[in-house]
**Q** 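Next up is a structure, given as structure tokens.
Here the structure is a predicted model, which is why all the values come from computation and not from measurement.
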Amino acid sequence: MTDQTVSMKMPGGDHDYPVLEGTVGPEVVDIRKLYPQTGMFTYDPGFTSTASCESAITYIDGEKGILLHRGYPIDQLAEQSSFMEVAYLLLQGELPTAAELDHFTYTISRHTMVHEQLATFFRGFRRDAHPMAIMCGVVGALSAFYHDSTDITDPEQRMIASHRLIAKMPTLVAMAFKYSLGQPFMYPLNSLSYTGNFLRMTFGVPAEPYEVNPIVENAMRRIFILHADHEQNASTSTVRLAGSSGANPFACIAAGIACLWGPAHGGANEAALNMLREIGDVKRIPEYIARAKDKDDPFRLMGFGHRVYKNFDPRAKVMKATADEVLKELNISDPVLDVAKELEQIALNDDYFIEKKLYPNVDFYSGVILNAIGFPTDMFTALFALARTVGWVAQWNEMIADPEQKIGRPRQLYTGHTQRDYVPVDQR
Ligand code: SDX
């Protein structure tokens, strides 16, 4: 709380509202009393100027391209940390000691298998089902298997459910991939790292041993860390809103997965690679730039632009460097990467993109790396969901523990009919 207030001159008189400040970032005007005092709502479609909650997990400065997880810069974490360590940091608020990290990693490894009956759930899907359609279904279905960790009032159950979700997402995502191929599911092998375990479940087969490629493992580690959490984005806000009703954590994460699927959000990584492939040649870039600028054309440059970053997305910088490294180390040359780099250069020097502050976001380069590793494009958003589950779970726990949180229930500006009487059908 500051000693500042904001005065609003209203028809019925003036009202002062307190200004609250965080440790860093924009101050907020606390308008919780606006409606009871004035009978008026604020209006903010898309919540561009609205803080929905108080949080200590992730801080973003869109102008400076800063992304901090519990105060630690994303580029340092991507370079030096592990995904299990970042998961611990997001959940607990501090970097773990070696002993704490070992215990956390062991705890997660105790939950990597899924109930054997869940495997039959997959068989209900067509083989060509989109992996995100499968993930929406099977993650929500976890509620039916783990009744011992759905009581959200019990901190112990909340933590077990959190561990289960973090541990089982790689297993479920790998199962969705195997199912699409008609290959048998691979069981987890807990002697591997979290990322190595996922790679083996995805690309390994029971018929032969699977060697985790350290280059690929390191790339996936970075990609998972870069996608782990991102403040109050659409899918995190969905998880919080679902959780505010008291819904169980598995249902809340399933809601987040559904929201992430959209091409304006997590679905952009799939859409971005498809777009780059459609462009196909640097000579065709001007045609697509023109389409992106054409008001009458719904086409947008996928992987470009961001609600918060108006300078650059720090994750995109790390992703671009990783794309270069991985393709070189795997000795892969992909013309799509050349198209991506040329498109970025052209767009960043074009007045339209400069004026609208549109830069590559986390989704612009990720697809090039995932494609090089061997994932089909329809798996990209499922990988995003796998990584973002640690952020969703951390934000969900913070929301449940927040004494100020209550069921989320926004209002509206009503522009429909005023009251009118029913007309029987023979008089219409
Ligand atoms: C993610 O919120 C998060 O933190 C999300 C995320 C996370 O980690 O959780 O970072 C992950 O979702 C990244 C964003 C992935 N989406 C895309 O790459 C899809 C393409 N980008 C756009 O759809 C758009 O940029 C958004 C959705 C990302 C942001 O949209 P905003 O903030 O609502 O901005 P806007 O749609 O109002 O655009 C502002 C202007 C508009 O022009 P005008 O109406 O003012 O004339 O910029 C234009 C838009 O038409 N514009 C684009 C564009 N993005 C915005 N024009 C061409 N190509 C684009 N990509």
Side-chain angles (χ1 to χ4, degrees), residues 75 78-79 130-132 173-174 177 180-181 195-196 198-200 202-204 210-227 263 266-289 291-292 299-305 312-350 353 358-384 386-387:
D75 52 335
E79 220 28 63
H130 193 288
M132 285 298 276
V173 170
F177 178 57
S180 73
L181 300 177
T195 310
F198 169 66
L199 289 168
R200 177 179 169 279
T202 303
F203 296 115
Y210 177 82
E211 274 302 300
V212 177
N213 178 328
I215 298 166
V216 173
E217 186 177 24
N218 186 45
M220 288 310 297
R221 173 193 63 80
R222 272 199 212 162
I223 288 171
F224 284 167
I225 289 173
L226 291 172
H227 286 85
N269 54 16
E270 176 178 357
L273 191 74
N274 289 337
M275 174 194 74
L276 292 169
R277 281 190 178 140
E278 185 188 323
I279 294 173
D281 185 309
V282 292
K283 291 195 287 295
R284 297 188 62 199
I285 289 174
E287 170 197 337
Y288 283 82
I289 294 273
R291 285 189 56 195
F299 172 79
R300 286 193 165 183
L301 281 186
M302 301 315 284
F304 256 76
F312 62 90
D313 182 336
R315 302 168 299 174
K317 287 192 163 202
V318 178
M319 203 67 87
K320 182 177 177 181
T322 305
D324 274 331
E325 282 170 36
V326 170
L327 268 67
K328 195 156 67 213
E329 287 165 342
L330 294 179
N331 200 17
I332 296 172
S333 71
D334 182 351
V336 163
L337 181 56
D338 303 332
V339 172
K341 287 180 176 176
E342 182 63 15
L343 175 56
E344 177 184 5
Q345 276 318 305
I346 294 174
L348 295 188
N349 291 290
D350 181 294
F353 294 90
L358 302 173
Y359 296 83
N361 57 49
V362 68
D363 295 309
F364 189 62
Y365 284 103
S366 57
V368 173
I369 308 168
L370 296 174
N371 176 59
I373 291 172
F375 292 104
T377 45
D378 65 3
M379 279 293 292
F380 292 179
T381 310
L383 295 167
F384 194 150
L386 188 169

**Q** Between V212 and G196, what is the shortest heavy-atom contact and its length?
**A**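 The pair with the smallest heavy-atom distance is CG2-O, 3.8 Å.
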
**Q** Would you compute the distance between atom CE of M319 and atom CD1 of I223 and round it to the nearest 0.5 angstrom?
**A**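 With rounding to 0.5 Å, CE (M319) is 5.5 Å from CD1 (I223).
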
**Q** With distance as the sole criterion, is a donor-acceptor pair present between the side chains of E278 and Y288 under 3.5 Å?
**A**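 There is such a pair between these side chains.
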
**Q** Tell me, with the steps shown, if H227 and L386 meet side chain to side chain contact (heavy atoms under 4.5 Å, CB included).
**A** CA-CA 9 Å; H227 286 85; L386 188 169; over 6 Å; no

**Q** Should the pair F375 and F203 be assigned to parallel (<30°), tilted (30 to 60°) or perpendicular (>60°) ring geometry?
**A**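 Answer is tilted, since the angle falls between 30° and 60°.
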
**Q** Taking all atoms of both residues into account, what is the closest heavy-atom pair of A268 and G303, and its distance?
**A**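 For A268 and G303, the tightest heavy-atom pair comes out as CB-N, 4.5 Å.
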
**Q** Of the non-hydrogen atoms in L301 and A347, which two are nearest, and what is the gap between them?
**A**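 Smallest heavy-atom distance, with atoms named: CD1-CB, 4.4 Å.
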
**Q** How far does CG of D313 sit from CG of N361, to the nearest 0.5 angstrom?
**A**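 If we round to the nearest 0.5 Å, D313:CG and N361:CG are 6.0 Å apart.
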
**Q** Between K320 and E344, does any side-chain N to carboxylate O distance fall below 4.0 Å?
**A**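 A salt bridge is present here (some side-chain N lies under 4.0 Å from a carboxylate O).
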
**Q** Looking at N331 and L327, would you say the former's side chain and the latter's main chain have a donor-acceptor pair under 3.5 Å?
**A**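 Flag not set: sc N331 to bb L327 has no pair under 3.5 Å.
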
**Q** With a 4.5 Å cut-off on side-chain heavy atoms, are V282 and P335 touching?
**A**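 A side-chain contact under 4.5 Å is absent here.
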
**Q** If I compare all heavy atoms of A219 with all of I369, which pair ends up nearest, and what's the gap?
**A**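 In this case the closest contact between A219 and I369 is CB-CG2, 4.4 Å.
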
**Q** Check step by step if side chain to side chain contact (heavy atoms under 4.5 Å, CB included) holds for M275 and V339.
**A** CA-CA 10 Å; M275 174 194 74; V339 172; over 6 Å; no

**Q** Look up atom CD1 in I346 and atom CD1 in I285, then write down how far apart they are to the nearest 0.5 Å.
**A**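 If we round to the nearest 0.5 Å, I346:CD1 and I285:CD1 are 4.5 Å apart.
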
**Q** Give the minimum heavy-atom separation between G267 and T381, together with the two atoms involved.
**A**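 Shortest heavy-atom contact: CA-OG1, 3.4 Å.
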
**Q** Between CZ of R315 and CG of L226, what distance do you get to the nearest 0.5 Å?
**A**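 Atom-to-atom, R315:CZ and L226:CG are 8.0 Å apart.
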
**Q** Check whether any side-chain heavy atom of H130 sits under 4.5 Å from a side-chain heavy atom of E270, and report yes or no.
**A**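 Yes. Closest side-chain heavy atoms under 4.5 Å.
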
**Q** Taking the side chain from R221 and the backbone from A78, do they hold a donor-acceptor pair closer than 3.5 Å?
**A**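 Yes; judged by distance alone, with no hydrogens or angles, the pair exists.
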
**Q** So which heavy atom on L358 is nearest to which on G305, and how close?
**A**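 Closest approach of L358 to G305, heavy atoms only: CD2-CA, 3.8 Å.
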
**Q** Does F312 have K317 sitting over its ring (NZ/CZ under 6.0 Å from centre, angle to axis within 45°)?
**A**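 That pair qualifies as a cation-pi contact.
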
**Q** Is the closest side-chain heavy-atom distance between V326 and V216 below 4.5 Å?
**A**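 Answer no - side chains too far apart.
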
**Q** Rounded to the nearest 0.5 Å, how far does CG of L276 lie from OH of Y365?
**A**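 Between atom OH of Y365 and atom CG of L276 there are 9.0 Å.
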
**Q** Evaluate the side chain to side chain contact (heavy atoms under 4.5 Å, CB included) criterion for residues T195 and F224: first the C-alpha distance (whole Å), next the side-chain angles of each, then the deciding distance (0.1 Å), finally the verdict.
**A** CA-CA 9 Å; T195 310; F224 284 167; 4.1 Å; yes

**Q** Near E287 CD, under 6.0 Å, is it more than 12 heavy atoms from other residues, nucleotides or ligands?
**A**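 Yes, because the 6.0 Å sphere around CD of E287 holds more than 12 heavy atoms from other groups.
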
**Q** Check step by step if side chain to side chain contact (heavy atoms under 4.5 Å, CB included) holds for L273 and M302.
**A** CA-CA 8 Å; L273 191 74; M302 301 315 284; over 6 Å; no

**Q** Is there side-chain contact between F177 and P376, with at least one heavy-atom pair below 4.5 Å?
**A**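 Of all side-chain heavy-atom pairs linking P376 with F177, at least one is under 4.5 Å.
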
**Q** If you define the side chain from C-beta out and look only at heavy atoms, does anything of F353 sit under 4.5 Å from L348?
**A**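 The answer is no; the side chains never approach within 4.5 Å.
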
**Q** A cation-pi test, strictly: NZ or CZ of R291 under 6.0 Å from the centre of the six-membered ring of F299 and no more than 45 degrees from its axis. Yes or no?
**A**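 Because its charged atom sits under 6.0 Å from the ring centre and within 45° of the axis, R291 does stack over F299.
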
**Q** Does the ring centre of F364 sit less than 6.0 Å away from the ring centre of F304?
**A**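 Judged by ring-centre distance (under 6.0 Å), F304 and F364 do meet the cut-off.
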
**Q** N371 versus V336: any side-chain heavy-atom pair under 4.5 Å?
**A**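 Side chain of N371 against side chain of V336, heavy atoms only: no contact under 4.5 Å found.
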
**Q** When rounded to the nearest 0.5 angstrom, what distance separates CG in L199 from CD1 in I373?
**A**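 Interatomic distance, L199 CG to I373 CD1, rounded to 0.5 Å: 7.0 Å.
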
**Q** Between R222 and E325, is there a side-chain N and carboxylate O pair less than 4.0 Å apart?
**A**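 Looking at E325 together with R222, the answer is yes, because their closest N to O distance falls below 4.0 Å.
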
